[in-house]
Each structure stands twice: as structure tokens, then as C-alpha cells.
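Since this is a predicted model, take the numbers as computed values, not measurements.
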Amino acid sequence: MLALAVFIATLVFVIWQPRGLGIGWSAMAGAIIDLALGVIHWRNIPTVWHIVWNATFTFVALIIISLLLDEAGLFRWAALHVARWGRGRGRILLPLIVLLGAAIAAVFANDGAALLLTPIVMAILVSLEFPPAAALAFIIATGFVADTTSLPLVISNLVNIVSANFFRIGFNRYATVMIPIDIVSLLATLAVLGLMYRRVVDRRYDIAALDSAAGAIHDPLVFRAAWPVLALLLLAYFITAPFGVPVSFVTIIGAAALLAIAARLIGRGAPIIDIGRVLRGAPWQVVIFSLGMYLVVYGLRNAGLTNYIAAALRVFATHGIWAASLGTGILAAIMSSIMNNMPSVLVGALAINHLPHLAPRIHDAMVYANIIGCDLGPKFTPIGSLATLLWLHVLAQKGTTITWGQYMKIGLLITPPVLIATLAALAIWLPIISPH
């Protein structure tokens, strides 16, 4: 019970953040308390660090890349082009915004898609004079798609990186399994959002009111460099994966290259982007948070509490791949909505690791279903992910307040069909690519 009490207290402080207390310090305080109480041991620290280091440094490097490109104007440039492709019709613009969000989430992670794209979309909607109800539909769609389509690559979500590192899933193998699954999730997202908001967004807008896309480019050198750097970065992930090169190494090199270009260490002229502000804006607290929070979760494992999750998973495993996929994914989603997806993914991973003698296909189904549940489950409640809490805070700063009740009403309506469709796709696709 000590392990559970410390976990709950730590989670409350991480979500509450009293007086702006950083999430890293709350998580680390929980780990120190666990260590003092004997719930975890010194030998657990290197074990947990081995689980989280690759994920956290990859995530920080990706956010630095995202912030640089945001400062350069790339995301606003893309959003303005998408707005023009909508041909002045809201019903066309909504799926285009969803597709843009999916593309950004795939490459820059869900946090980048939600936190960077949402303010840009809001500004465009204001310039186009969309009424509040229609604007809210686009805002919800932007935040929703950031998570539901953060499945395709290892780098698309911190949850994915942690899981791939824990189970030693290569970048190429992960993409082979999850890209088709992500396409299904995207189609389901488009269908659900279209059904829910098609009448609300069915209005015309004046394309002439849009700013020039070219005028959105703040740093032309970084903007031009972004395309080859991103292409080489994605190529490097696939090329280096068979050699076991950690994705963090590749991502850090990509971030360093863009930083050098932005600082004009490569190229001519004075820097336009404030490099110091970009580096200060990077989520360094995530490094401390990941180690501290996962040490607290490891305390649950030491206390035997993850065995209860393993017992439920064992029941799913005995009923075939459909039960393993749907059962594991739904359980992971529920856990994520209640206790946040970052601790949930490790709880699920530790529980799966407790199950001996699983058929390889069933084991893989549970591993990927756990990822799907922890990627999509946070959309049920505001506390499901730290990114959602920050997203709601950003909206409030921009004058749009979504209460927890409003969020849950929407999330509980639109998330279940997408989750079920995505898990069903996993149960169908996995036997095709892994017949034995």
C-alpha cells in the first residue's frame, strides 16, 4: 500500500503542479520517498534509466526541432497553404487540417502537433471570422488527431519510444506494423470528426482574408534547410535501425544540425531565431520526470501490484489474438485516462513482461495494443496526458476555455470508436505480417 500511496500522491502533484512546481521535481520527490521507504532500491535506478534515457532525449531533440521550425514559420506556412486548398469551404478545410495534424504528429510527435499547430489554426480561424462553434470544432480536431495518429513511427509519441526501447523493437519493424494501423486510426478519426462536426463547419470563408504563405516564413535559411534535414533524418532512422543505433543519437544530430544553421554557424548572416529562447523552451523537465515517475512505477512492480494487471492480461491471452488486442488496448486506455499514459505504458509493459510462454503473435499483439491504448486512451480525460493539460492551458491563454466536463463529454463520445477500429486493425494486420 505504501507503493500505491506514493504513486497516487506523486501523480496528483504532477497533474496539479501547485505554484508552478515542475513535473520533474514532483516525480523525483516521489522516487526519493520510495527510496527512503525501501519501496525501490538503488539497483533499480540504472534499470529504469536504461528504459527511459533513449525515449526522453529523443523527445527533447524532437521538440527542439519543432520549436526551430515553428520559429522559422514552417508550420504556419503549411497551415496557410492548407487553408487555401480548402477552397473557401469549411467542410473541406476540416479534413485537411486533420491530415496536416496527422503528418506533423508522425514526424514531430503528438506534443508538437497539438501545442504548435493549435495556436496557428486558431489565428487563421480568427482571420477567417469563423463563429465560435465552428472554431471549437477545428480546435478539438487539431488536439484529437495529434494523439490518434501518433502511432506510425517510434518517434511519433514518447509512449512509442519507451515501449520500443523496453521490448527492443527496431524502427523498421515498428513502422511495418504500425503505419497501416495508423492509417486506419486516421480514417476512423476523419469519419468520427466528420459525423460530429460536418454541420457545424459547413460554412464558406474568404480565401482573400488569408495572409500570404510566403509572408509566414520568418527565417528563410532554416525553412529551406528543413526539408533536406527532415528527409535525411527519416532516412537515417531506417538505415541505422538494423545496426541498433538508438533513435536519440540520430535525432540529436538532426537537432544539432538545425541549431547550427539557425545560429548561422552554417551559412551567412546574423541569426534571426533566438536560439536561447528555443533551448529554454525545450522540455528538459521531461528527463527528470521520466526517471522519477518510472522509478515510482517500478515501486508498484516491486510491491507486486503489476501482477494484478498481468492476471487480467493472462485471461485475454488465452482467448486468441482478438481478445489479446482488444482487451489489452482497452485496459491500457482506461489506465491512461485515470492515471496518465506515461506511467500506464510502463505498467502495461511490466505486466506483459510478467507473462511467460506467450505465443509470439499474442505477445506482439499485447505489446502494440498497449501502445495503442496509451496513445489514444488519454483522449478520454484531461489528465490522460501532460500534453493535453498543457494544450488546455494554451487554449485558455488564447481566450478559449474548455472545461474538464466539456472535454470528457467530447472525448468519451469520439474516442471509443476510433480506439476499437484501431485495435481491430491490429488484430487483422498482425497475423498477415507475422503468420507464425
Side-chain angles (χ1 to χ4, degrees), residues 70 75-102 104-105 110-149 186 188-213 215-216 378-385 387-418:
D70 183 51
F75 297 130
R76 180 168 175 79
W77 172 87
L80 287 167
H81 273 296
V82 164
R84 282 185 168 77
W85 295 342
R87 299 186 309 218
R89 298 178 61 187
R91 291 184 68 173
I92 297 176
L93 181 59
L94 181 65
L96 289 176
I97 290 292
V98 169
L99 290 172
L100 176 61
I104 294 175
N110 59 324
D111 297 73
L115 301 179
L116 298 178
L117 184 59
T118 299
I120 293 170
V121 170
M122 290 177 71
I124 290 174
L125 293 173
V126 169
S127 68
L128 296 176
E129 299 182 349
F130 269 81
L136 182 62
F138 282 98
I139 292 167
I140 292 294
T142 305
F144 189 72
V145 74
D147 282 329
T148 60
T149 59
L186 172 59
T189 300
L190 285 167
V192 170
L193 292 173
L195 287 171
M196 188 166 181
Y197 293 121
R198 66 186 186 280
R199 293 182 180 177
V200 178
V201 300
D202 190 13
R203 57 164 284 125
R204 296 275 183 175
Y205 62 89
D206 184 9
I207 296 178
L210 291 167
D211 293 334
S212 165
K379 305 319 293 179
F380 285 125
T381 64
I383 64 171
S385 72
T388 299
L389 291 170
L390 187 54
W391 178 72
L392 291 172
H393 179 67
V394 169
L395 290 180
Q397 288 182 322
K398 299 291 183 179
T400 300
T401 300
I402 300 176
T403 66
W404 282 31
Q406 288 174 315
Y407 184 93
M408 290 180 66
K409 182 180 178 180
I410 296 168
L412 291 171
L413 184 64
I414 61 182
T415 306
V418 178

Step by step, work out the side-chain contact (heavy atoms from CB on, under 4.5 Å) result for Ile410 and Lys379. CA-CA 9 Å; Ile410 296 168; Lys379 305 319 293 179; over 6 Å; no
For residues Pro119 and Ala114, report the shortest heavy-atom separation together with the two atoms involved. CD-O, 4.4 Å
Quick one: do Trp85 and His81 satisfy side chain to side chain donor-acceptor pair (under 3.5 Å)? Show the steps, please. CA-CA 6 Å; Trp85 295 342; His81 273 296; 4.7 Å; no
Kindly assign one of parallel, tilted or perpendicular to the pair Phe138 and Phe130, based on the angle between their ring planes and the thresholds 30° and 60°. perpendicular
What one should report as the nearest heavy-atom pair of Gly101 and Ala113 is O-CB, 3.8 Å
Testing the basics here: between Arg89 and Arg204, what is the closest heavy-atom pair and its distance to 0.1 Å? CG-NH1, 3.2 Å
Tightest non-hydrogen contact, residues Ala213 and Arg84, listed as N-NH1, 4.1 Å
List the atom of Leu193, the atom of Ala141, and the distance in Å for their closest heavy-atom pair. CD1-CB, 3.7 Å
Separation between CD1 of Ile92 and CG of Asp202, rounded to the nearest 0.5 Å: 10.0 Å
With side-chain contact (heavy atoms from CB on, under 4.5 Å) as the criterion, how do Leu94 and Arg198 come out once you've worked through the C-alpha distance, each side chain's angles and the decisive distance to 0.1 Å? CA-CA 9 Å; Leu94 181 65; Arg198 66 186 186 280; over 6 Å; no
Roughly how far apart are Leu96 CG and Leu190 CG, rounded to 0.5 Å? 9.5 Å
Neighbour count >12 (heavy atoms, 6.0 Å) for atom CD, Gln406: yes
Given side chains that start at C-beta, do those of Val126 and Met122 come closer than 4.5 Å, heavy atoms only? no
Go through Asp147 and Thr388 one step at a time and tell me if the side-chain contact (heavy atoms from CB on, under 4.5 Å) criterion holds. CA-CA 9 Å; Asp147 282 329; Thr388 299; 4.2 Å; yes
So do the side chains of Asp70 and Ile120 get within less than 4.5 Å of each other, counting heavy atoms only? yes
Determine whether Asp211 and Arg76 make a side-chain contact, defined as any pair of heavy atoms from C-beta on separated by less than 4.5 Å. yes
When you look at Val418 and Thr415, which way does the side-chain contact (heavy atoms from CB on, under 4.5 Å) test go after all the steps? CA-CA 5 Å; Val418 178; Thr415 306; 5.8 Å; no
For the CG atom of Leu93 and the CG atom of Leu125, what is their distance to the nearest 0.5 Å? 7.0 Å
State the NZ-CD1 distance between Lys409 and Ile402, to the nearest 0.5 angstrom. 13.0 Å
Nearest 0.5 angstrom please: Leu117 CG to Ile139 CD1, how far? 11.0 Å
What is the minimum heavy-atom distance between Pro382 and Leu392, and which atoms define it? CB-CD1, 3.8 Å
Side chains of Val145 and Leu99, heavy atoms from C-beta outward: is any pair under 4.5 Å? no
Roughly how far apart are Ile414 CD1 and Leu195 CG, rounded to 0.5 Å? 11.5 Å
Heavy-atom donor-acceptor pair, Tyr205 side chain to Ala83 backbone, under 3.5 Å: yes
